Participant: 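There's a structure below that I have some questions on.
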Amino acid sequence: MQYEFVTAQALCKLMSVSRAFLRDRRSTGEWKEGVHWVRLNDSNHRAGTRFNKQLCLHWLTCKGTPAHERAIETYLKTLEPCPPMPPAA
C-alpha cells in the first residue's frame with residue numbers, strides 16, 4: 001500500500017470534518033505523531049503538519065479496534081530506519 005500525506009485542508013474535505021476536529025485528535029493523543037501525522041519541521045512547529053490519509057480514514061471507521069492497530073503495525077513495517085547522523089565536527 002502507498003501511504004499519502006496530505007494537508008489538513010485536504011483531509012478535512014475527505015472526512016467532512018473541521019480543522020478543530022483534526023487538532024483535537026492530535027492534542028488528545030488519539031492520533032499518534034509519526035503515524036497519523038507528522039511535522040514538516042521539528043524545530044518550527046508552525047511550519048506545517050501533514051496527515052497520513054490512509055490511516056486517518058481507516059481510523060474513522062475502525063478506531064479502537066484490533067483492525068486499526070494492525071493497520072498501524074503494517075504502516076510502521078513499511079518505514080525504513082533513518083541513517084545515523086554524522087558526528088559533529
Side-chain angles (χ1 to χ4, degrees):
M1 173 186 281
Q2 285 289 100
Y3 294 93
E4 180 182 357
F5 284 81
V6 297
T7 63
Q9 181 179 3
L11 189 61
C12 286
K13 187 174 181 178
L14 285 168
M15 296 177 77
S16 298
V17 298
S18 67
R19 290 176 71 98
F21 177 88
L22 303 184
R23 184 191 61 239
D24 291 347
R25 302 296 73 72
R26 288 175 41 209
S27 65
T28 62
E30 237 176 314
W31 285 357
K32 300 174 178 113
E33 184 172 5
V35 175
H36 295 94
W37 62 278
V38 295
R39 296 179 200 274
L40 293 180
N41 183 340
D42 285 334
S43 62
N44 179 2
H45 292 187
R46 296 171 105 13
T49 302
R50 294 295 181 269
F51 296 86
N52 185 323
K53 178 177 131 180
Q54 288 73 18
L55 284 180
C56 290
L57 290 174
H58 189 271
W59 173 90
L60 194 59
T61 57
C62 298
K63 61 184 167 227
T65 67
H68 190 62
E69 291 305 315
R70 284 192 302 274
I72 291 171
E73 289 171 16
T74 300
Y75 166 69
L76 292 174
K77 288 177 185 175
T78 69
L79 300 179
E80 293 183 23
C82 294
M85 295 290 291

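These values consider heavy atoms only, across backbone and side chains, with no hydrogens, waters or symmetry-generated copies. Source: prediction; values computed, not measured.
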Participant: Could you tell me if the side chain of V35 sits less than 4.5 Å from the side chain of N52, heavy atoms only?
Facilitator: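 When only atoms from C-beta onward are counted, V35 and N52 do not touch, as no gap falls below 4.5 Å.
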Participant: In Å and rounded to the nearest 0.5 Å, what is the OG1 to CZ distance from T28 to R26?
Facilitator: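 Going from OG1 on T28 over to CZ on R26, the span is 10.5 Å.
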Participant: Nearest 0.5 Å, what's the NE2-OG1 distance between H36 and T49?
Facilitator: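 Spacing of NE2 (H36) from OG1 (T49) equals 14.5 Å.
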Participant: Once you round to the nearest 0.5 Å, how far does OG of S18 lie from CG of D24?
Facilitator: 7.5 Å
Participant: Nearest 0.5 angstrom please: K77 NZ to I72 CD1, how far?
Facilitator: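 Answer rounded to 0.5 Å: 13.0 Å.
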Participant: Can you say whether the rings of H68 and H58 are parallel (under 30°), tilted (30 to 60°) or perpendicular (over 60°)?
Facilitator: parallel
Participant: Once you measure the plane-to-plane angle for Y75 and Y3, does it fall in the parallel (<30°), tilted (30-60°) or perpendicular (>60°) bin?
Facilitator: perpendicular
Participant: Are R50 and V6 side-chain neighbours, meaning at least one heavy-atom pair lies under 4.5 Å?
Facilitator: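 The answer is no, as the side chains (C-beta and beyond) never meet within the 4.5 Å cut-off.
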Participant: Can you tell me how far apart CZ (R39) and CH2 (W37) are? Round to the nearest 0.5 Å.
Facilitator: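 The CH2 atom of W37 is 4.0 Å from CZ of R39, to the nearest 0.5 Å.
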Participant: Nearest 0.5 angstrom please: L22 CG to R19 CZ, how far?
Facilitator: 7.5 Å
Participant: Keeping E4 on the side-chain end and Q54 on the backbone end, is there a donor-acceptor pair under 3.5 Å?
Facilitator: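 Between the backbone of Q54 and the side chain of E4 there is no qualifying donor-acceptor contact (under 3.5 Å).
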Participant: Check the hydrophobic clustering (I, L, V, M, F, W, Y; side-chain heavy atoms under 4.5 Å; chains of links allowed) and say if W59 and L76 are grouped together.
Facilitator: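 W59 does not cluster with L76.
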Participant: Checking side chain to side chain contact (heavy atoms under 4.5 Å, CB included) against F51, which of L11, L57, V38, L14 comes through?
Facilitator: L11
